[in-house]
Amino acid sequence: MTDLAEPLAVDLFDPDAFVDGPPHDYLAHLRATQPVFRQALAEGDDAWVVLRHADLVHVAREPNLFSASLGGVVIEDLDPEALAMMRHMLLAMDPPPHADYRAPLSPHFGARVIGGLEERVRSICRRIMAEAGEQGDVEFVHDVCGALPSQVVGEIMGLPEQDWGRIQRWAERQTSGQDPELAAVGEDDDENAMVAMAMYFIEFGARRRAEPMREDLTSLILATEFGRDDRPAEPMSDIDFGSFCVQLVTAGNDTTKTMLSSGLQALLQHPDQLAALRADPALIPGAVEEILRWANPLHYFRRTASADTELSGVPIAEGDKVAMYYTSANRDEAVFADAQAFDVRRNPNPHLSFGIGEHFCLGAHLARLEGRVFFEELLAAFPTIEQTGDAVRVRSNLNNALKRLPVRLTPA
Ligand code: HEM
């Protein structure tokens with residue numbers, strides 16, 4: 001007999017399935033009934049979708065058994081050239097090369113170093129708010145949120161200011177492939193945004209290497225020695241530097257933009273919580289965590305089983321695709337009380353939006369700083385914020401993102 005209350009099944013990797021928002025009812029149903037769920041894929045094979053918090057943590061903490069490198073981190077099969085390119089990135093490296101590459105970089109992204117950037121991030125936010133205030137009616141995603149991550153990366157890396165806009169455009173092209181409307185924007189600019197961006201950074205690195213050291217991340221990274229693939233420790237080559245910068249920009253741009261825009265949408269949908277933040281800005285850091293949990297910018301990242309294993313009693317075969325589904329684990333009833341509710345006072349909040357384990361987001365401190373300062377400055381600048389039209393979501397199975405959020409910002 002069919003249970004009438006059973007939510008409609010959706011294909012969890014069909015980009016069209018998310019256009020009206022993630023299927024949270026269906027995900028809750030799967031968590032209760034098939035928490036390690038086999039999803040047939042359009043390509044003809046299938047993938048295991050890991051829906052519960054504890055199972056996701058297990059997968060993330062076993063990087064040798066669940067490899068990021070074998071098949072990359074997205075569910076679609078990549079052509080060999082694209083996979084080889086992805087494997088040069090931290091995100092798709094396995095230990096031990098992953099640790100060799102990451103360890104020297106980590107201190108530059110630690111809490112203390114990133115904390116020291118607060119005033120620079122604040123002055124960028126103030127400038128963005130001042131420009132937005134002059135417009136009044138804005139498309140919040142692109143005009144306001146989109147500017148922050150590329151300007152912050154530009155500032156901390158010492159990139160020439162006239163290039164910041166170009167970097168924002170490349171980054172946006174990079175992550176919009178499944179949405180025909182976004183993919184068409186700037187199609188004529190650069191055939192391949194990733195290659196164009198890498199060339200820019202390779203040239204920038206070479207130029208900076210010849211100049212005296214400055215107080216920015218570029219100088220620090222160029223002076224850092226890396227031991228990779230059993231080679232003795234040595235500084236990054238210009239090509240490695242270019243590839244690393246592309247990683248920073250692509251990993252940090254869309255995700256941060258989404259945290260900010262989905263964050264404002266969540267607050268506008270919950271006026272009582274917005275009022276609480278206005279009354280007590282000390283709630284903002286916790287609100288940023290709740291925004292990350294409730295509106296996680298990425299739906300999933302993939303691993304590939306490197307040997308036969310099992311997950312909560314479900315056999316997984318060598319070579320199987322395994323998706324760590326953050327959109328579900330962040331609402332796991334076993335971990336979060338009233339998991340579907342948006343609550344800026346939620347504490348503790350062990351969401352998985354930055355991943356966990358070996359590949360835990362290198363930019364998490366920076367993203368949190370940007371989130372906190374952005375909302376502090378936004379709420380201080382605009383006592384009234386109203387939505388003036390429908391929000392529109394990106395067509396994507398990976399990016400849980402808005403592409404349009406029309407709002408009116410009214411200054412004091
Ligand atoms: C709200 C914003 C962000 C979110 C939600 C986010 C999310 C994530 C997630 C889920 C991972 C783990 C991937 C995995 O386990 O396979 C990751 C890794 C990474 N992120 Fe972020 N990220 C954000 C911002 C940033 C920023 C601002 C930067 C850099 C400036 C950055 C750089 C990276 C890098 C380099 C990695 C790879 C780390 C590794 O594999 O060791 N991210 N991020």
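By the neighbour-count criterion of 12 heavy atoms within 6.0 Å, atom CZ of Arg207 is densely surrounded, having more than that number from other residues, nucleotides or ligands. For Gln135, the CD atom is densely surrounded, since the number of other residues' heavy atoms within 6.0 Å is greater than 12. Within 6.0 Å of atom CD in Gln162, more than 12 heavy atoms from other residues, nucleotides or ligands are found, so the atom counts as buried in its surroundings. More than 12 non-hydrogen atoms from other residues, nucleotides or ligands lie less than 6.0 angstrom from CG of Asp272. The number of heavy atoms from other shown groups lying within 6.0 Å of CG (Asp79) is above 12. Within a 6.0 Å sphere centred on CD of Glu215, other residues, nucleotides and ligands contribute 12 heavy atoms or fewer.
Here the side chain of Ser396 pairs no donor or acceptor atom with the backbone of Pro15 at under 3.5 angstrom. The backbone N or O of Ala28 sits nowhere less than 3.5 Å from a side-chain atom of Asp25 that would complete a donor-acceptor pair. Put simply, the side chain of His270 gets close to the backbone of Ala266: a donor and an acceptor are under 3.5 Å apart. Using a distance-only test at 3.5 Å, with no hydrogens or angles considered, no donor-acceptor pair links the side chain of Glu318 to the main chain of Ala305. In this structure, Asn349 contributes its side chain and Gly286 its backbone to no donor-acceptor pair below 3.5 Å. Here the side chain of His359 pairs a donor or acceptor atom with the backbone of Met93 at under 3.5 angstrom. Checking side-chain atoms of Gln247 against main-chain N and O of Met89 turns up no donor-acceptor pair under 3.5 Å. Between the Asn253 side chain and the Thr250 main chain, no donor and acceptor come within less than 3.5 Å of each other. No donor-acceptor pair closer than 3.5 Å links the side chain of Ser261 to the backbone N or O of Val141. Of the possible polar contacts, none joining the Gln39 side chain to the Phe13 backbone as a donor-acceptor pair under 3.5 Å is found.
Identified under the side-chain hydrogen bond (donor to acceptor under 3.5 Å, both in side chains) test for residues 291-305, with sequence neighbours left out: Glu290-Arg293, Asn296-Thr327, His299-Thr327, Arg302-Thr304. Within the structure, salt bridge (charged side-chain N to carboxylate O under 4.0 Å, His left out) contacts touching residues 129-147 (residues at least two apart or in different chains) are Asp137-Arg408.
Under a 4.0 Å N-O distance rule, the pair Asp338/Arg346 does not qualify as a salt bridge. Under a 4.0 Å N-O distance rule, the pair Lys257/Glu172 qualifies as a salt bridge. Salt-bridge formation is not detected for the pair Asp46/Lys321: no Lys NZ or Arg NE/NH1/NH2 atom is positioned less than 4.0 Å from an Asp or Glu carboxylate oxygen. Checked for salt-bridge contact, Lys403 and Asp179 meet the test: a charged N lies under 4.0 Å from a carboxylate O.
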**Request:** Would you please test Leu402 and Val392 for side-chain contact (heavy atoms from CB on, under 4.5 Å) and show each step?
**Result:** CA-CA 6 Å; Leu402 293 173; Val392 183; over 6 Å; no

**Asked** Checking side-chain contact (heavy atoms from CB on, under 4.5 Å) for the pair Tyr325/Leu27: CA distance, chi angles, key distance, verdict?
**Response** CA-CA 10 Å; Tyr325 219 79; Leu27 294 172; 3.9 Å; yes

**Request:** Any chance you could lay out the side-chain contact (heavy atoms from CB on, under 4.5 Å) test for Arg166 and Arg169, step after step, and finish with the verdict?
**Result:** CA-CA 5 Å; Arg166 194 152 42 132; Arg169 278 198 304 282; 4.2 Å; yes

**Request:** Before giving the answer on side chain to side chain donor-acceptor pair (under 3.5 Å), spell out for Ser219 and Arg208 the whole-Å C-alpha distance, their side-chain angles and the decisive distance to 0.1 Å.
**Result:** CA-CA 8 Å; Ser219 283; Arg208 283 292 305 272; 2.9 Å; yes

**Item:** side-chain contact (heavy atoms from CB on, under 4.5 Å) between Ile156 and Leu366, worked out
**Value:** CA-CA 11 Å; Ile156 66 179; Leu366 182 58; 4.0 Å; yes

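Of the residues listed (Val36, Leu311, Asp55, Val59), the one engaging Trp48 in a side-chain contact (heavy atoms from CB on, under 4.5 Å) is Val36, and it is the only one.
Here the side chains of Leu222 and Met236 are not in contact, with every heavy-atom distance at 4.5 Å or above. Contact check for Ser353 versus Asn330: side-chain heavy atoms found under the 4.5 Å cut-off. Leu70 is listed as a side-chain neighbour of Ser306, based on a closest heavy-atom distance under 4.5 Å. For the pair Asp238 and Phe201, the minimum side-chain heavy-atom distance is 4.5 Å or more. The closest side-chain heavy-atom distance from Tyr200 to Leu159 is below 4.5 Å. Contact of the Val153 side chain with the Leu217 side chain is not registered, since no non-hydrogen atoms from C-beta on lie closer than 4.5 Å. With contacts defined as side-chain heavy-atom distances shorter than 4.5 Å, the pair Thr224/Leu105 does not qualify. Looking at Leu264 and Leu260, their side chains never come closer than 4.5 Å, going by heavy atoms from C-beta outward.
Of the N and O atoms on the side chains of Asn397 and Glu76, at least one donor lies less than 3.5 Å from an acceptor on the other residue.
Of the inter-residue distances, the one linking Phe354 atom CZ with Cys361 atom SG reads 5.5 Å to the nearest 0.5 angstrom. In this structure, CE in Met157 is found 12.5 Å from CG in Asp163, a value given to the nearest 0.5 Å. Distance check: Glu43 CD to Ile75 CD1 gives 8.5 Å after rounding to the nearest 0.5 Å. The CG atom of Leu283 sits 9.5 Å away from the CD atom of Gln273 when rounded to the nearest 0.5 Å. Atom CD1 of Ile385 is separated from atom OG1 of Thr410 by 8.5 Å, given to the nearest 0.5 angstrom. In this structure, His98 NE2 and Ser67 OG are separated by 11.5 Å, a value rounded to the nearest 0.5 Å.
Aromatic rings from Tyr101 and Phe226 are positioned such that their centres are separated by under 6.0 Å.
Nearest approach of Leu51 to Ser328, heavy atoms of both residues: O-OG, 2.7 Å. The minimum heavy-atom distance between Thr256 and Glu370, with the atom names listed, is CG2-OE1, 3.5 Å. The two residues Gly252 and Pro149 make their nearest non-hydrogen contact at O-CB, 3.8 Å. The nearest pair of heavy atoms linking Gly72 to Leu83 is N-CD1, 3.6 Å. In this structure, Arg102 and Phe360 approach most closely via the heavy-atom pair NH1-O, 2.6 Å. In plain terms, the two heavy atoms of Asn400 and Ala295 that are nearest each other are ND2-C, 4.1 Å.
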For residues 116-125, dump all side-chain donor-acceptor pairs below 3.5 Å to protein atoms at least two apart in sequence or in another chain.
{"from": "Glu118", "atom 1": "OE1", "to": "Arg372", "atom 2": "NH2", "distance (Å)": "2.7"}
{"from": "Glu118", "atom 1": "OE2", "to": "Arg122", "atom 2": "NH2", "distance (Å)": "2.8"}
{"from": "Glu118", "atom 1": "OE2", "to": "Arg372", "atom 2": "NH1", "distance (Å)": "3.3"}
{"from": "Arg120", "atom 1": "NE", "to": "Glu155", "atom 2": "OE2", "distance (Å)": "3.1"}
{"from": "Arg120", "atom 1": "NH2", "to": "Glu155", "atom 2": "O", "distance (Å)": "3.4"}
{"from": "Arg122", "atom 1": "NH1", "to": "Glu376", "atom 2": "OE1", "distance (Å)": "3.1"}
{"from": "Arg122", "atom 1": "NH1", "to": "Glu377", "atom 2": "OE2", "distance (Å)": "2.6"}
{"from": "Arg122", "atom 1": "NH2", "to": "Glu376", "atom 2": "OE1", "distance (Å)": "2.8"}
{"from": "Ser123", "atom 1": "OG", "to": "Arg120", "atom 2": "O", "distance (Å)": "3.2"}

